[in-house]
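As structure tokens, the structure follows; a few thoughts come after it.
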Amino acid sequence: MSSDTRFDPASADARWQSAWDTAQTFRADSNSDKPKSYVLEMFPYPSGRIHIGHVRNYTMGDVLARYKKATGHEVLHPMGWDAFGMPAENAAMEKGVHPGGWTRDNITHMKAQLKRLGFALDWSRELATCEPEYYGHEQALFIDMYEAGLVYRKESEVNWDPVDQTVLANEQVIDGKGWRSGAEVEKRKLSQWFLKITDFAEDLLEGLGRLENWPDKVRLMQENWIGKSKGLEFSFDLSNGDKLPVYTTRPDTIFGASFVAVAADHPLAQGIDSDDARDFIALCKKGGTTAAELETAEKLGFDTGITAKHPFTGADLPVYIANFVLMDYGTGAIMAVPGHDQRDLEFALKYGLKVPVALRPFGAVEPSEEELEQLGGSQAFDENPWLIRGEYDEYEFFKITKTAYTRSPPESVVNSGSVASALRAKLGKSIAEREHEYLGFFGDAKILTIDEAKRAVVEKIEKLGIGQGKTVWRLRDWGVSRQRYWGTPIPFIHCETCGVVPAPKDSLPITLPEDVDFQTPGNPLLRHATWKHVDCPKCGGKAERETDTLDTFVDSSWYFLRFASQPEDKPFDAEEVAKWMPVEQYIGGIEHAILHLLYARFWTRALAHMGQIEVKEPFASLFTQGMVTHETYSRAGDGRPVYFSPDEVERTSDGATLTADGEPVEIGRVIKMSKSKKNVVDPDTIIDTYGADAVRWFMLSDSPPERDLPWSEAGIEGCSRFVHRLWRLFAAHDAGAEGEDKALLRKTHQTVAAVAEDIESLGFNKAVARIYELTGTVEKAAPSASRSAAIRTLVQLVAPMMPHLAEEAWAALGGSGMVADAAWPEVDPALLVEDEVTIAVQHKGKLRDTLTAPKGASKEDLEAMAMASDKVQRSLDGAEVRKIIVVPDRLVNIVT
RNA sequence: GCGGGUGUGGCGGAAUGGUAGACGCCGGGGACUUAAAAUCCCCUGAGCUUUGCUCGUGUGGGUUCGAGUCCCACCACCCGCACCA
């Protein structure tokens with residue numbers, strides 16, 4: 001190997017990529033008797049170009065896949081395309097192209113981009129969800145689920161854009177207007193398809209507890225999304241003779257109910273025959289749904305004049321229509337307890353309703369005049385003001401009154417912050433477990449915990465026969481209908497005589513018609529001349545196809561099964577699936593923490609429920625990687641700043657200038673790459689400049705993989721330098737060198753063990769640091785057999801990260817076959833331990849000296865060595881030694 | 001509002017309760033060169049009265065021989081959810 005040849009990424013990358021292709025190096029063999037490892041990254045949407053986030057995601061998976069292969073696993077590492085979806089239709093409308101052509105062109109381009117990065121993918125299993133070979137099987141699965149009772153149709157409200165003649169997702173409605181047309185969005189009721197994910201709510205929730213290798217954050221997000229809450233449903237007797245069921249999670253506060261409120265959509269509200277009521281309901285519907293609007297939305301109500309009888313006190317409570325009550329949670333009606341619920345309180349204050357207090361923490365006392373004064377006086381609490389003193393501090397006072405009196409609360413209240421945790425610490429009890437004094441409900445002030453009181457109230461209601469304890473879920477069934485062309489056609493037929501009939505399985509796939517145009521608004525399937533007209537499979541009469549297509553989240557809910565096996569005649573082969581599933585390591589962005597991951601978990605469970613597969617959880621381990629970020633460059637413009645892309649800008653040590661005019665630009669915060677801020681870098685350009693290995697190395701360096709990675713020109717330059725530095729080191733390999741360098745041998749073995757550990761725990765940044773360290777050590781070492789061995793080992797260590805460089809070096813160094821097929825270097829456990837250790841010597845807890853001692857030296861020896869140190873003696877300065885702590889092989893601490 | 005996370009040099013970040021700042025980037029100095037690029041070597045937390053000493057991991061306490069790490073309180077920032085009764 002000649003040391004004057006520079007490593008040339010452009011030629012090496014292409015050469016080895018084609019060598020892997022030819023040798024089918026990364027083809028997964030399900031019949032192999034090696035242990036199986038399924039490594040999967042979330043497949044991309046073929047938007048047109050790979051972005052740097054994909055590069056980071058797939059590089060991580062690739063390192064793991066290559067490492068697994070080296071450690072004796074049969075690895076399945078596939079890639080595909082989540083190819084249905086809106087952008088293709090948008091492109092069709094804007095550019096007059098066909099969504100299919102657009103998508104397939106994008107796939108071709110992006111596949112070439114991925115290939116340039118040298119990913120160890122089994123391309124023989126490539127799939128695209130927009131092809132009938134994929135979505136036809138999805139249609140079959142959908143029919144199976146229909147037959148298993150997991151699919152149903154229901155009238156449901158959608159956002160309808162009257163100009164584009166289409167249904168909009170919530171995110172596409174901006175300020176009540178369609179994002180594309182700008183037309184006022186209407187609410188329409190359409191009959192839509194739903195999947196019964198709620199049947200699995202309990203199981204999906206419970207399963208989270210066993211997903212130990214999922215980030216806690218994701219598990220929590222799913223838990224909140226599923227939103228299990230236990231409470232009470234009971235009915236009020238109304239003054240008009242009807243009964244009104246309400247739901248509450250705080251039955252213990254029932255004694256504090258002072259009014260009843262129903263949603264604007266509630267039948268009771270709809271049934272009121274008055275113009276004022278209708279006006280009010282219309283007003284409620286107009287309100288925006290964005291977070292900011294809700295934040296500031298005023299509580300509004302309409303008094304129906306109806307009253308509800310309190311089941312215990314017999315009091316007549318006014319019934320309001322209220323804008324803050326949701327129809328689709330619980331029963332759409334609530335008992336309002338302003339003394340213990342902030343929203344109810346705001347409402348009560350606005351409409352002058354009573355604020356009875358049902359409970360107070362045991363030990364509470366009424367505030368003095370002076371204290372009330374201090375808090376800005378009391379109106380709402382005239383009836384039942386109180387304050388907690390002593391060990392409870394101001395906690396409950398703060399809690400109950402924070403809305404009414406935030407103008408000048410005492411400092412202790414302002415600074416109390418996490419009062420709940422403070423209390424827990426003080427009392428050793430959670431809020432629910434604390435004792436409360438129930439005011440009146442149980443006759444004389446009775447002291448119970450919240451849980452006890454809840455149980456007592458539920459029991460009483462059940463005894464009265466007007467309600468029962470009930471669990472309510474936030475999770476809704478999954479609406480999968482999309483009134484769009486570019487998706488999987490829902491395989492059903494509407495027949496006037498037979499109703500809704502599934503398409504016969506042998507008629508699948510029901511393919512999308514190609515001859516469609518997007519110049520007319522609306523779903524092309526609806527107005528297609530022939531496609532939708534079919535004979536009813538049951539009676540043979542005239543019938544029409546369903547023109548809705550499936551939500552694209554359906555496509556991504558089972559693609560991992562199709563990767564594991566790809567029979568032509570069925571969605572998957574259960575035996576093959578059993579060999580590979582579950583996915584050992586799934587890697588993707590946090591943005592899929594809820595929907596995609598929950599739907600995939602549901603779909604897998606549903607298939608298991610139907611007996612089609614064994615596995616219930618699709619992803620054994622989940623890793624959510626951070627984003628790639630970049631600083632922004634801008635200048636003040638008219639109103640809005642003008643942004644410049646990194647390649648328009650010259651970065652200097654103390655600032656940045658625009659290349660075009662040499663004038664400075666402002667360097668902004670390091671944020672997620674986005675087109676609008678122009679802080680993007682194009683993978684193709686950087687691969688052209690630096691080669692795939694440098695780009696891959698950058699993706700793994702520095703930032704821990706779960707955190708954001710700031711892209712920088714200097715950073716990629718550094719990576720590129722290292723690629724060439726390694727090459728020079730590899731070129732300096734001397735096969736004939738002799739002699740042993742024990743220290744270097746040790747370092748080599750230690751590094752192999754550490755890098756393995758780091759890769760297995762996905763701590764790539766640490767593995768990278770280890771490799772730098774070993775590289776530095778080897779460079780400095782004198783020629784020896786050990787050094788040559790270290791160089792060969794280094795080639796293997798970097799092989800998962802810089803596969804092209806590694807292959808090139810492996811070949812040059814005379815390695816047999818390809819390094820991609822080589823086994824991970826063996827570690828000699830005896831070489832992992834040092835025979836000499838550095839001992840820290842502390843006095844008064846501070847480091848005074850370090851000394852070198854043989855490993856395993858006795859406490860007495862270490863103590864003696866420490867005391868013999870000049871530096872230690874100087875620090876001691878004759879003080880009396882009271883105690884000496886010796887931690888073997890680590891440190892000596894002298895206490896005076 | 002509820003839930004979660006994170007705070008360590010100029011920057012990205014290391015550190016089973018045991019030598020804080022590994023490794024990389026930036027920066028400084030030097031070597032090689034006619035020169036540049038490339039490469040190599042050295043320095044690089046702050047301060048000081050510089051063989052060395054003091055301070056230093058968001059702030060204030062605590063436990064410990066010893067705390068970035070454990071406990072308590074606080075502050076700041078980031079993320080998710082959100083009129084879910």
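All chains are named by letter (A, B, ...) in the order of the sequence lines, taking the proteins before the strands, and each is independently numbered beginning at 1. Please read all numbers here as calculations on a predicted model, not as lab measurements.
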In whole Å, measure the gap between the P atoms of B:U50 and B:G58 for me.
31 Å

Take atom P in B:G17 and the same atom in B:C70, then report the distance between them in whole Å.
8 Å

Pairwise P distance, B:C25 and B:G62 [rounded to whole Å]
42 Å

Holding to salt bridge (charged side-chain N to carboxylate O under 4.0 Å, His left out), I want the full list of residues that pass it with A:D708, two or more places apart in sequence or in another chain.
none

Counting side-chain heavy atoms from CB outward, which of B:C83, B:G24, B:G52 is closest to A:R725?
B:G24

Pairing of A:E773 and A:K747 as salt bridge, 4.0 angstrom limit:
yes

Pairwise C1' distance, B:C65 and B:G13 [rounded to whole Å]:
31 Å

So A:R476, base contact, sugar-phosphate only, or nothing? Heavy-atom distance under 4.0 Å.
base

What class does the angle between the rings of A:Y320 and A:F347 fall in, given that below 30° is parallel, 30 to 60° is tilted and above 60° is perpendicular?
perpendicular

Which nucleotide, B:C84, B:A85, B:U54, lies nearest any side-chain atom of A:R848?
B:U54

Compute whether any side-chain donor of one residue and acceptor of the other, for A:N679 and A:T632, lie under 3.5 angstrom apart.
no

Give the residues of residues 884-893 of chain A touching RNA chain B, defined as any heavy atom closer than 4.0 Å, sorted by residue number.
A:I885, A:V887, A:R890, A:L891, A:N893

Going by the angle between their ring planes, with limits at 30° and 60°, are A:H310 and A:F255 parallel, tilted or perpendicular?
perpendicular

Please tell me which of the listed nucleotides, B:U39, B:A85, B:A14, lies nearest to the side chain of A:R728?
B:U39

How far does the P atom of B:A20 sit from the matching atom of B:C41, given to the nearest Å?
27 Å

For B:A15 versus B:C77, give the span between their P atoms, rounded off to a whole number of Å.
28 Å

Check the phosphate of B:C23 against A:N765, side-chain N and O only, distance under 4.0 Å to OP1 or OP2. Yes or no?
no

Side chain of A:R707: nearest nucleotide among B:G12, B:G13, B:U19?
B:G13

Check the phosphate of B:A85 against A:Y329, side-chain N and O only, distance under 4.0 Å to OP1 or OP2. Yes or no?
yes

Separation of A:L220 atom CG from B:C2 atom P, in whole Å?
16 Å

Consecutive Watson-Crick or G-U pairs in runs of at least 3, all under 3.5 Å, in which RNA chain B is involved
B:1-7 with B:75-81, B:10-12 with B:23-25, B:27-31 with B:39-43, B:45-48 with B:52-55, B:58-62 with B:70-74

Among B:A85, B:U39, B:A38, which nucleotide sits nearest the side chain of A:V325?
B:A85

Determine the Euclidean distance between corresponding P atoms of B:C71 and B:U6; express it in Å to zero decimal places.
13 Å

OP1 or OP2 of B:A15 versus the side-chain N and O atoms of A:K766: is any pair under 4.0 Å?
yes

Roughly how far apart, to the nearest Å, are B:G24 and B:A14 at atom C1'?
11 Å

Counting only heavy atoms not in A:E706, do more than 12 fall under 6.0 Å of its CD?
yes

Counting side-chain heavy atoms from CB outward, which of B:A85, B:C23, B:C55 is closest to A:L326?
B:A85

